[in-house]
Participant: 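Please see the structure below; I have some questions.
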Amino acid sequence: MRTREECDAAQVLEILLPGNPVTVSALAAQLGLTDKQVRTRLRQAGDLLEVNGWGEIASKPRVGSWLESDEPHLADIRSFVREFGSQTVIPLSQRESHVLFRLFSLKKREGLSPGRLAEELYVSQPTLTRLMNSVGQQLETWNISLLNDRRAGYILQYEENDYRKAVSQFFLGTVQDQERERLLGQFFQGLDLAWLRRIIVRQEHEWHLHFSDQVFLEVLLVLALAIQRQDHPVTVRTEDARMLERYNDYLFAKAICQEAGQMFGMVFSEEEICFLTMRIMCAGFVRISQPDQIQETWDVIREYDSNLLAFVDEVLSSMAAILDCALDTDQNLRNSLILHLRSTVFRLRHGQRRSNELLQYIKTEYSRVYTASWIISMLFEKYFDLQITDDELGYIVLLIQSALERRNTEYNAVILADFARSFGELVSQRIIRYIPEIRRIDILSRYETDNPHYREADLIITRTSCNDPREVIIDNLLSEQGVAELKAQIRRKEKSAASQSPAFSVECTSLFSPDLIFLQQKFSDKETLLKFATTWLEEKGYCSSGLYQSALNREKLTSTSIGGSVAFPHGDPEFVNESHVALMTLAEPMLWDGEEMVDVVFFAAFNMNSREERHRIETFYKELIPCMADGRFMKLLRSSRDSISLYKELFR
């Protein structure tokens, strides 16, 4: 049996065999070790050479170490390296991946011997036990149990759907890119993956679609597993199958399965087709590659995704009101949200979580949009009966932020003309020439306020007031002084919007009350705080008893901290009788979600059943954003000791 020491020595000798001096730091870099560990291995290699009479390892300061041996003994060393060398040793960083691959390769009810696995990895039993504990934790995230049977060894216990999802996620997320092709060949030994790839590419071209690399590999894995594991069928609920059959994605999946079935001499079951459809939709459906196909595809989406379309339209309407920007007229944003949210819904519905490495950056850099986006989570529950995670919410924030940045650099303007149209054309050309931020100008009369261009305009340029907050009053637009004044007024509007004194409007007064403002509180944990807030709300008849548990469930799924040491917990609207906000400040900051400290909490009990209630909540979000961004206001909030005085300040 090969020992760990022999393998370690073989790794060093393999690097030294060419005969040139190698420094300790160079050896450490190649082996992924510290300098101290390398010196230990050099001594082990030197001892092995001495015991076998093969030569020695010489070294010289600032030069390095090298191998001194004659040709016959060099042949012995090469033979030793071939038998024990690094190509047979699994690096520390790859051990967990190696074990997962071995376990996934087991047949149903087949086991993996701990002794054999320890020999493969060259590790002791205690080390193997620790490694398998880590592997078991990873498998649990995929709903797979790792058991250690006294007779069979390590075995897996799973449902077929979970096993296939886990294998796909293993190859997509755990296996290194340079190793993936080799391991796929081993895992699907005897299956012609090249033919499957050609089938997928042919269907892409036929449907005028284009897969991302991730979706392409996902489809390949689902098809290969369906062929390899024909005796272990997946299961799909009847109601899910009926729903999936209505989607364009289902027709695409069916076409691929039919061609693959003909090629490999099998018939894909309806469950297999539906399973492939779900995997495609969870991964994110395809991008249209032919412009003339876009309308046809959107017609299909409009026909079958009416619920999603209504949700996106309501989201855009609410975000437009909160952020005071005409996002509801941005067709590019609408299309992007539709495509993105279709995948989001399926990922959440079928238990596939998606992490967002940019989440903390999004919370910090795009705090205004992130705060406003919490209304989306409430709408999400209303339409889909699902709780959206903060990771998924972060991706939506990025799409909205991108749309805002596109709009922030340009203005659409309207000139209210009380003069000849030819004069208006001259004025508009002059404005566009000297103020490049204005992208488009439409000339309208004062009586065309129902015109879409008027409703969508960022600026209303007029010679006399029209009582519109967007108005910019300029008497003579043809003069240089008039153009300069227009520029100055645009800058003043931007500055005024950025420095607006934060406060809540009268419309929000019904959401707050002094007896729901709790200052300088002390709670042992987040659960106690949530219980405190919901108990007060329930005692006043504003909510029912289920609100606490629904808020707690949300916290387990996703963090409700929104940056700036502020948290915004909330429960399911179905348990809310009347919308209210419980405002709490903490005497000492509390660790909210394992990462962020919080000392200001807005507990939102919102019910958006009526249009008036929805408008009130949109107004609340809109006015909360500048409040959070204002240092003076937040300092006042944190330092207040009297709830009545603070209530007055909220509406100053």
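The first residue of the sequence shown is numbered 1, and numbering continues consecutively from there. Predicted model, so just to flag it, every value in this text is computed and none were measured.
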Participant: Just wondering, do Leu27 and Leu42 contact through their side chains at under 4.5 Å, heavy atoms?
Facilitator: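 Leu42 reaches Leu27 side chain to side chain.
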
Participant: Using a 6.0 Å distance limit plus a 45 degree cone around the ring axis, check whether Arg102 lies over the aromatic ring of Tyr154.
Facilitator: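 The answer is no, since Arg102 fails at least one limit relative to Tyr154.
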
Participant: Using the ring of each side chain (for Trp, its six-membered ring), is Phe104 parallel, tilted or perpendicular to Trp142, with breaks at 30° and 60°?
Facilitator: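 The rings of Phe104 and Trp142 sit tilted, inter-plane angle from 30° to 60°.
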
Participant: Does any non-hydrogen side-chain atom of Ile144 lie less than 4.5 Å from one of Leu103?
Facilitator: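 Answer no - side chains too far apart.
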
Participant: So Asp192 and Leu196, do their side chains get closer than 4.5 Å, heavy atoms only?
Facilitator: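 In short, these two side chains do not touch, never coming nearer than 4.5 Å.
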
Participant: List the steps, then state whether side-chain contact (heavy atoms from CB on, under 4.5 Å) holds for Leu225 with Val234.
Facilitator: CA-CA 10 Å; Leu225 285 165; Val234 294; over 6 Å; no

Participant: How long is the straight-line distance from CG of Asp231 back to CZ of Arg229, given to the nearest 0.5 Å?
Facilitator: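 Spacing of CZ (Arg229) from CG (Asp231) equals 9.5 Å.
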
Participant: Counting only heavy atoms not in Gln186, do more than 12 sit closer than 6.0 Å to its CD atom?
Facilitator: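 More than 12 heavy atoms, drawn from other residues, nucleotides or ligands, come within 6.0 Å of this atom.
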
Participant: Relative to each other, are the rings of Phe187 and Phe171 parallel, tilted or perpendicular (30° and 60° limits)?
Facilitator: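 It falls in the perpendicular class, over 60°.
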
Participant: Indicate yes or no: does Arg164 engage Glu271 in a salt bridge with an N to O separation below 4.0 Å.
Facilitator: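 Between Glu271 and Arg164 there is no salt bridge, as every charged N stays at least 4.0 Å from the carboxylate O atoms.
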
Participant: Do Asn133 and Gln137 pair up side chain to side chain, a donor and an acceptor below 3.5 Å, judged on atom types alone?
Facilitator: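 Side chains of Asn133 and Gln137: no pair found under 3.5 Å.
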
Participant: Quick one: NZ on Lys382 to CG on Asp572, what's the gap to the nearest 0.5 Å?
Facilitator: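 If we round to the nearest 0.5 Å, Lys382:NZ and Asp572:CG are 13.0 Å apart.
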
Participant: With a 3.5 Å distance limit and no angle check, can you tell me whether Gln230 reaches the backbone of Ile227 through a side-chain donor-acceptor pair?
Facilitator: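 Side chain of Gln230 to backbone of Ile227, a donor-acceptor pair under 3.5 Å: yes, one is there.
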
Participant: Stepwise, does the side-chain contact (heavy atoms from CB on, under 4.5 Å) test hold for Asn148 with Met132?
Facilitator: CA-CA 10 Å; Asn148 189 0; Met132 298 309 289; over 6 Å; no

Participant: Is a donor from one side chain sitting under 3.5 angstrom from an acceptor on the other, for Ser545 and Glu538?
Facilitator: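 No - no donor-acceptor pair under 3.5 Å links their side chains.
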
Participant: Do the side chains of Phe188 and Leu221 get nearer than 4.5 Å, heavy atoms only?
Facilitator: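 With C-beta onward as the side chain, the pair touches.
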
Participant: Other residues, nucleotides and ligands only: do more than 12 of their heavy atoms fall within 6.0 Å of CD on Gln125?
Facilitator: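 Check passes, neighbour count above 12.
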
Participant: Can a donor-acceptor pair be found, under 3.5 Å and without considering hydrogens, that links the side chain of Ser134 to the backbone of Arg130?
Facilitator: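 Looks like no, no N/O pair under 3.5 Å.
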
Participant: Compare all side-chain heavy atoms of Val175 with those of Phe170 and state whether any distance is below 4.5 angstrom.
Facilitator: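 Of all side-chain heavy-atom pairs linking Phe170 with Val175, at least one is under 4.5 Å.
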
Participant: Do the side chain of Asp391 and the main chain of Leu359 share a donor and acceptor less than 3.5 angstrom apart?
Facilitator: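 Not at all, since once roles are kept as given, no pair shorter than 3.5 Å links the two residues.
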
Participant: Is there a side-chain contact (heavy atoms from CB on, under 4.5 Å) between Ile400 and Tyr366? Walk through the geometry before answering.
Facilitator: CA-CA 10 Å; Ile400 295 172; Tyr366 307 140; over 6 Å; no

Participant: Looking at CZ of Phe216 and CD1 of Ile280, how far apart are the two atoms once the value is rounded to the nearest 0.5 Å?
Facilitator: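 Nearest 0.5 Å value for the CZ-CD1 distance: 11.5 Å.
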
Participant: Determine the minimum heavy-atom distance between Ser550 and Gly571, stating which atoms define it.
Facilitator: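 So the minimum-distance heavy-atom pair works out to OG-CA, 3.4 Å.
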
Participant: State whether the side chain of Ser269 and the backbone N or O of Glu272 hold a donor-acceptor pair below 3.5 Å, judged by distance alone.
Facilitator: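 Side chain of Ser269 to backbone of Glu272: a pair is present.
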
Participant: Which pair of heavy atoms, one from Pro114 and one from Gly153, lies closest together, and at what distance?
Facilitator: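 For Pro114 and Gly153, the tightest heavy-atom pair comes out as CD-CA, 3.9 Å.
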
Participant: Could you report the tightest heavy-atom contact between Glu555 and Pro569, atom names first, then the distance?
Facilitator: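 Scanning both residues completely, I find the closest heavy atoms to be OE2-CB, 3.4 Å.
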
Participant: Between NZ of Lys531 and CG of Leu547, what distance do you get to the nearest 0.5 Å?
Facilitator: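 The CG atom of Leu547 is 10.0 Å from NZ of Lys531, to the nearest 0.5 Å.
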
Participant: Of all heavy-atom pairs between Val601 and Val598, which one has the smallest distance, and what is that distance?
Facilitator: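 Scanning both residues completely, I find the closest heavy atoms to be CG2-CG1, 3.8 Å.
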
Participant: Is it true that the side chains of Glu259 and Gln203 contain a donor and an acceptor less than 3.5 Å apart?
Facilitator: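 Judged by distance alone, the side chains do pair up.
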
Participant: Minimum heavy-atom separation for Arg180 and Leu172, please, with both atom names.
Facilitator: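 For Arg180 and Leu172, the tightest heavy-atom pair comes out as NH2-O, 3.5 Å.
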
Participant: What's the separation between atom OH in Tyr395 and atom CD1 in Ile388, rounded to the nearest 0.5 Å?
Facilitator: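 Those atoms lie 12.0 Å apart.
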
Participant: For a 4.5 angstrom cut-off between non-hydrogen side-chain atoms, does Ile200 reach Arg197?
Facilitator: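 Of all side-chain heavy-atom pairs linking Arg197 with Ile200, none is under 4.5 Å.
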
Participant: Can you tell me if Glu270 has over 12 outside heavy atoms packed within less than 6.0 Å of its CD?
Facilitator: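 Buried by this count: over 12 neighbours within 6.0 Å.
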
Participant: What closest approach, in Å, do Cys257 and Phe268 show between heavy atoms, and which atom pair accounts for it?
Facilitator: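 That would be O-CD1, 3.2 Å.
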
Participant: Looking at Gln157, I'd like to know if its CD atom is crowded, meaning that more than 12 non-hydrogen atoms belonging to other residues, nucleotides or ligands lie closer than 6.0 Å.
Facilitator: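 No - once you tally the heavy atoms of other residues, nucleotides and ligands closer than 6.0 Å, there are 12 at most.
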
Participant: Measure the shortest side-chain to side-chain distance between Leu146 and Leu156 over non-hydrogen atoms and say whether it is less than 4.5 angstrom.
Facilitator: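 They are in side-chain contact.
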
Participant: Looking at CD1 of Ile77 and CD of Glu14, how far apart are the two atoms once the value is rounded to the nearest 0.5 Å?
Facilitator: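 Answer rounded to 0.5 Å: 12.5 Å.
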
Participant: Phe380 and Phe384: aromatic ring centres closer than 6.0 Å?
Facilitator: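 Yes, the ring of Phe380 comes within the 6.0 Å limit of the ring of Phe384, centre to centre.
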
Participant: Using the rule given for side-chain contact (heavy atoms from CB on, under 4.5 Å), can you reason through Trp374 versus Thr560, listing the C-alpha separation, both sets of side-chain angles and the distance that settles it, and then say yes or no?
Facilitator: CA-CA 9 Å; Trp374 277 101; Thr560 55; 3.9 Å; yes

Participant: Within a radius of less than 6.0 Å around CZ of Arg202, do more than 12 heavy atoms belonging to other residues, nucleotides or ligands occur?
Facilitator: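 Yes, because the 6.0 Å sphere around CZ of Arg202 holds more than 12 heavy atoms from other groups.
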
Participant: Check whether any side-chain heavy atom of Ile396 sits under 4.5 Å from a side-chain heavy atom of Leu341, and report yes or no.
Facilitator: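 Yes, close enough: below the 4.5 Å cut-off.
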
Participant: Whether the side chain of Ser79 engages the backbone of Asp76 through a donor-acceptor N/O pair (distance < 3.5 Å, no angle test) should be reported.
Facilitator: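 No.
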
Participant: Kindly confirm or rule out a cation-pi arrangement of Lys526 over Trp592, judged by NZ or CZ under 6.0 Å from the six-membered ring centre and within 45° of its axis?
Facilitator: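 Yes.
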
